[in-house]
Amino acid sequence: MSYLNFNTEKAKNTSRELNVLLADYHMYYQKLRNFHWNIVGHNFFDLHVKFEEMYDDAVLKIDEIAERILTLRYQPTSNYSEYIETSSIKESKSSIEDVEMIDILLNDHGLLLKQMSKVIEVAGEAEDEGTIDLIGAYIRELETTSWMLDAWRMKKSDTHRNL
């Protein structure tokens with residue numbers, strides 16, 4: 001793969017960690033669909049739309065992650081049984097309250113961010129700037145989404161402190 005200026009053997013660990021991230025994103029995507037379909041109550045309109053926005057974003061990332069694995073000349077995992085086995089993100093019940101949904105998603109964001117850090121670490125060892133750039137952008141976006149979800153569940157008394 002000389003035209004891309006990296007060694008496929010060096011990219012092996014990166015591809016392995018990207019496949020874990022791919023599994024995580026599939027589980028996260030399905031959880032967002034679950035919450036989108038099953039949200040009820042006073043926050044229905046806000047969260048129904050937000051969850052759809054989030055799963056639309058997740059499905060784009062799923063495709064980009066799989067295509068990055070292919071670019072590195074490895075095969076992306078493509079079976080739900082493997083996603084369930086590989087992912088640190090677990091399924092959720094459908095009949096939970098809105099605040100619990102947000103709490104679960106914020107916990108999942110922590111797991112996604114942890115896996116993204118692993119990807120960046122191994123991509124750095126492989127001198128794989130393309131993967132580092134891709135995942136770095138995902139981190140920034142997920143941190144912003146996490147802040148917004150956290151702000152949604154905050155009480156006025158929980159707001160920012162002065163320096």
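Small disclaimer: the values here were computed from a predicted structure and weren't measured.
No salt bridge links K50 with D46; every basic N to acidic carboxylate O contact stays at or beyond 4.0 Å.
No donor-acceptor pair under 3.5 Å is formed between the side chain of D150 and the backbone N or O of S146. D98 contributes no side-chain N or O that, together with a main-chain N or O of I39, makes up a donor-acceptor pair within less than 3.5 Å. Between the side chain of K31 and the backbone N or O of K90 there is at least one donor-acceptor pair closer than 3.5 Å. Under the 3.5 Å distance criterion, the side-chain polar atoms of Y25 are left unmatched by any main-chain donor or acceptor of L60.
Ring geometry for Y55 versus Y29: interplanar angle over 60°, hence perpendicular rather than tilted (30 to 60°). Aromatic ring pairs are classed by plane angle as parallel below 30°, tilted from 30° to 60° and perpendicular above 60°; the pair H109 and Y28 is perpendicular.
The distance from the CG atom of N19 to the CD atom of Q115 is 10.0 Å, given to the nearest 0.5 Å. How far CG of L134 is from CE of M116: 9.5 Å, rounded to the nearest 0.5 Å. Distance check, rounded to the nearest 0.5 Å: CG of N107 to OG of S88 gives 9.0 Å. Put simply, OH on Y83 and CD1 on I62 are 7.5 Å apart, with the number rounded to the nearest 0.5 Å. With rounding to the nearest 0.5 Å, the separation of OG1 in T145 from CZ in R140 is 10.5 Å. Expressed to the nearest 0.5 Å, how far OG of S95 lies from CG of N38 amounts to 8.0 Å.
A pairwise comparison of heavy atoms in S94 and N34 identifies OG-OD1, 2.9 Å as the closest pair. I65 approaches L18 most closely through the heavy-atom pair CG2-O, 3.5 Å. The two residues Y74 and E9 come nearest to each other via the heavy atoms OH-CA, 4.0 Å. Across all their heavy atoms, K93 and F35 have their closest contact at O-CE2, 3.9 Å. Contact record, Y80 with Q30: OH-OE1, 4.1 Å, taken as the closest heavy-atom pair. Taking every heavy atom of both residues into account, L72 and T8 meet most closely at O-CG2, 3.8 Å.
Note on W37: it does not cluster hydrophobically with I104, by side-chain heavy-atom contacts below 4.5 Å among ILVMFWY residues. Hydrophobic clustering (side-chain heavy atoms under 4.5 Å, transitive across Ile, Leu, Val, Met, Phe, Trp, Tyr) groups V119 together with L113. F45 and V49 are members of different hydrophobic clusters when ILVMFWY side chains are connected at heavy-atom separations under 4.5 Å. Linking ILVMFWY side-chain heavy atoms closer than 4.5 Å, directly or via other members, places V20 and L112 in two distinct hydrophobic clusters. Following chains of ILVMFWY side-chain contacts shorter than 4.5 Å, one cannot reach V40 starting from I96, and the two form parts of different hydrophobic clusters.
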Please step through side chain to side chain contact (heavy atoms under 4.5 Å, CB included) for the pair V122 and R16, ending with a clear verdict.
CA-CA 10 Å; V122 297; R16 186 178 302 116; over 6 Å; no
Dump the intermediate steps for side chain to side chain contact (heavy atoms under 4.5 Å, CB included) on I84 and M27, then the final yes or no.
CA-CA 7 Å; I84 291 168; M27 297 300 291; 3.9 Å; yes
Before giving the answer on side chain to side chain contact (heavy atoms under 4.5 Å, CB included), spell out for T131 and T71 the whole-Å C-alpha distance, their side-chain angles and the decisive distance to 0.1 Å.
CA-CA 10 Å; T131 298; T71 299; over 6 Å; no
Mind running side chain to side chain contact (heavy atoms under 4.5 Å, CB included) on E17 and I135 for me, showing each step along the way?
CA-CA 12 Å; E17 295 301 333; I135 303 304; over 6 Å; no
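Using a 4.5 Å cut-off on side-chain heavy atoms (C-beta onward), E64 and Y138 make contact. Contact annotation: the side chain of I102 approaches that of L106 to within less than 4.5 Å [non-hydrogen atoms, C-beta and beyond].
The local environment of CD in E82 is crowded, with over 12 non-hydrogen atoms from other residues, nucleotides or ligands closer than 6.0 Å. More than 12 heavy-atom neighbours from other residues, nucleotides or ligands sit within 6.0 angstrom of CD on E141.
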